[in-house]
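Written below as structure tokens is the structure these notes are about.
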Number of protein chains: 2
Amino acid sequence: MTDTPTGQPVRVVLVDDHPVVRAGLRALLGGQDDLAVVGEAGDLDTAERVVRAEHPHVVLMDLSLGDGPGGAETTARLLALPDPPHVLVLTTYDTEADILRALEAGAVGYLLKDAPPEQLFAGIRATARGETVLAASVAARLVRRASSPGPVVTEREVEVLELLARGLGNREMARELFVSEATVKSHLSHVYAKLGVDTRAGAVAAAIERRIIRSGG
Amino acid sequence: MTDTPTGQPVRVVLVDDHPVVRAGLRALLGGQDDLAVVGEAGDLDTAERVVRAEHPHVVLMDLSLGDGPGGAETTARLLALPDPPHVLVLTTYDTEADILRALEAGAVGYLLKDAPPEQLFAGIRATARGETVLAASVAARLVRRASSPGPVVTEREVEVLELLARGLGNREMARELFVSEATVKSHLSHVYAKLGVDTRAGAVAAAIERRIIRSGG
DNA sequence: GTGGGCATCATCCGATCGGCTACTCCGGTG
DNA sequence: CACCGGAGTAGCCGATCGGATGATGCCCAC
């Protein structure tokens with residue numbers, strides 16, 4: 001509703017591997033007097049360089065950045081720079097793991113790409129002021145999560161889940177991980193408990209849904 | 001490389017549920033003299049109305065249109081209109097099932113959102129001429145697929161896969177589907193063969209990857 | 001009008017899974 | 001130093017799975 005009282009526009013850097021999306025954000029933000037896009041990047045390295053050079057107030061970041069390092073890692077890297085920007089995550093997905101990783105990495109906001117432009121503008125202004133901005137559905141997920149114990153799967157368990165998704169049997173997993181079959185079964189039991197399932201198929205589905213493992217693509 | 005010899009610009013309608021993406025495409029296409037965005041839509045109904053009114057040469061469509069009807073269905077609906085446009089699918093995903101559905105629905109092109117703008121422009125011009133345009137990775141998938149027998153999973157088999165992803169046992173699936181356990185096992189065997197796996201966990205992963213079933217979110 | 005694909009059902013049987021209990025190492029933390 | 005959690009290991013055993021084989025009814029296409 002209201003505008004920012006400062007005379008200086010909010011300096012924004014766009015980080016997204018989709019040229020189309022970058023152009024879209026540029027076009028949208030260009031219509032706002034108090035928002036200025038001072039740079040953009042399609043990958044982590046470029047992002048780091050641009051942020052270092054431009055010292056933006058806000059970085060608008062797409063989480064599904066390429067296939068390499070996740071947006072969460074990128075966020076962390078940018079926040080480690082001197083005079084770090086506020087990071088506002090703007091993504092297509094609203095999966096729990098994504099949100100948590102981004103917020104844990106230090107992002108102060110999380111909006112979805114299908115958000116109306118006004119919400120986006122307001123989000124950027126709020127982010128520049130250091131406020132936390134969450135899309136409604138994102139907030140809802142966080143609330144829902146706050147009431148449940150965090151299923152923290154260990155690194156090893158993730159490995160087992162990945163092999164599991166490839167359809168390996170316990171014996172094969174054991175060989176692959178250089179451990180005994182008993183150990184694999186042990187990990188599986190723990191995974192089942194943490195994911196709230198009791199079958200391999202259910203574990204794979206749950207793991208993919210919570211983005212503990214990815215399903216290729 | 002070359003431009004279209006016609007004096008009339010290519011009339012384009014954008015269909016995408018992300019305002020940001022629509023703005024991006026508008027901005028990008030706006031820089032091309034021979035391309036004119038004559039309308040846009042964020043959902044199926046609007047798309048149908050706009051196409052009916054504007055009679056565009058090309059429809060740029062995002063497959064991941066909302067959570068309702070898929071882009072494939074939307075494509076089919078638009079092609080069913082009088083004087084139908086050429087449909088160029090522009091999406092984030094390059095999953096086999098998506099591509100096939102879109103192409104089967106009648107789309108003549110398939111590009112990814114992370115494509116460079118030049119490729120996008122060329123694709124639109126080619127589409128306007130009725131040519132087929134495929135992103136490199138998409139073409140590769142089709143080639144890879146052509147050599148293998150088409151894994152066309154039946155409706156019933158999808159049901160089994162969905163229950164499988166929920167971690168149900170054969171007995172439970174049988175009860176859920178009002179059939180005998182033997183039938184469930186039969187379906188599973190067929191599914192395994194079609195997906196090229198031999199375990200329930202592998203089947204779930206393969207089914208999610210090929211978007212035969214969704215994993216929530 | 002016959003073949004093929006789909007859905008259905010049945011039986012057999014070896015292989016695997018999943019739950020249970022119990023133990024050893026190790027690195028952190030109070 | 002004692003405690004805890006993660007990782008690794010072991011054996012037992014009933015339940016389940018997966019493969020093989022074979023059969024029936026239906027509907028559609030050639």
Side-chain angles (χ1 to χ4, degrees), chain A residues 97 100-101 104 148-210 212-213, chain B residues 97 100-101 104 145-146 148-210 212-213:
Chain A
L100 286 182
R101 282 176 196 153
E104 278 165 12
S148 69
V152 187
V153 192
T154 69
E155 214 175 316
R156 201 57 161 166
E157 286 162 355
V158 173
E159 292 184 80
V160 171
L161 278 170
E162 281 165 350
L163 296 179
L164 188 57
R166 282 168 44 196
L168 299 199
N170 291 345
R171 184 163 13 257
E172 301 166 290
M173 292 195 238
R175 248 198 294 277
E176 197 80 20
L177 297 176
F178 303 105
V179 297
S180 84
E181 222 176 309
T183 304
V184 171
K185 296 181 69 171
S186 171
H187 288 317
L188 278 179
S189 288
H190 295 151
V191 165
Y192 291 167
K194 290 178 181 179
L195 297 184
V197 300
D198 60 351
T199 64
R200 341 191 108 214
V204 169
I208 292 178
E209 180 180 355
R210 304 192 193 184
I212 294 169
I213 60 177
Chain B
L100 286 182
R101 282 177 196 152
E104 278 166 12
R145 167 178 227 69
S148 67
V152 188
V153 193
T154 70
E155 215 174 315
R156 200 56 160 167
E157 285 162 356
V158 173
E159 292 185 80
V160 171
L161 278 170
E162 281 164 349
L163 297 179
L164 188 57
R166 282 167 44 195
L168 299 198
N170 291 344
R171 183 165 12 257
E172 300 165 290
M173 293 194 236
R175 247 198 293 278
E176 197 81 20
L177 298 175
F178 303 105
V179 297
S180 85
E181 220 175 310
T183 303
V184 171
K185 294 183 69 173
S186 172
H187 288 317
L188 277 179
S189 289
H190 295 151
V191 164
Y192 290 167
K194 290 178 181 179
L195 297 184
V197 300
D198 61 350
T199 65
R200 341 191 107 215
V204 168
I208 292 177
E209 180 181 355
R210 304 192 193 185
I212 294 168
I213 59 176

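All chains are named by letter (A, B, ...) in the order of the sequence lines, taking the proteins before the strands, and each is independently numbered beginning at 1.
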- Is the phosphate of dG5(D), meaning OP1 or OP2, less than 4.0 Å from a side-chain N or O of Thr154(A)? no
- Message: Please tell me if His190(B) has a side-chain N or O lying less than 4.0 Å from either OP1 or OP2 of dC6(C).
- Response: no
- Query: Hey, does Val204(B) have a side-chain heavy atom less than 4.5 Å from the side chain of Arg200(B)?
  - Reply: no
Measure the spacing between [atom1] of [X] and [atom2] of [Y] and express it to the nearest 0.5 Å.
| X | Y | atom1 | atom2 | result |
| --- | --- | --- | --- | --- |
| Leu188(B) | Thr183(B) | CG | OG1 | 11.0 Å |
| Leu161(A) | Leu195(A) | CG | CG | 6.0 Å |
| Glu157(B) | His190(B) | CD | NE2 | 7.0 Å |
| Arg166(A) | Ile213(A) | CZ | CD1 | 11.0 Å |

- Least distance between heavy atoms, Arg156(A) atom then His187(A) atom: CG-NE2, 3.4 Å
Gap between atoms [atom1] and [atom2], on [X] and [N] respectively (whole Å):
| X | N | atom1 | atom2 | answer |
| --- | --- | --- | --- | --- |
| Phe178(B) | dC9(C) | CZ | C1' | 18 Å |
| His187(B) | dA7(C) | NE2 | C1' | 5 Å |
| Arg175(A) | dG8(D) | CZ | P | 17 Å |
| Glu157(A) | dG6(D) | CD | P | 7 Å |

- Message: Listing request: all salt bridge (charged side-chain N to carboxylate O under 4.0 Å, His left out) pairs with a residue in residues 167-181 of chain B, at least two apart in sequence or in separate chains.
- Response: Arg171(B)-Glu181(B)
- Message: When you measure from the side chain of Ser186(A) to the backbone of Ala182(A), do you find a donor-acceptor pair of N or O atoms at a distance under 3.5 Å?
- Response: no
- For nucleotides 10-30 of chain D, read 5' to 3', which letter fits each nucleotide if B means a protein heavy atom sits under 4.0 Å from the base, S means only the sugar-phosphate is that close, and - means neither? B-B---SSBB-----------
- Message: Once pairs are restricted to Watson-Crick or G-U wobble with both distances under 3.5 Å, how does DNA chain D read as a dot-bracket string, [ ] for crossings and | for other-strand pairs?
- Response: ||||||||||||||||||||||||||||||
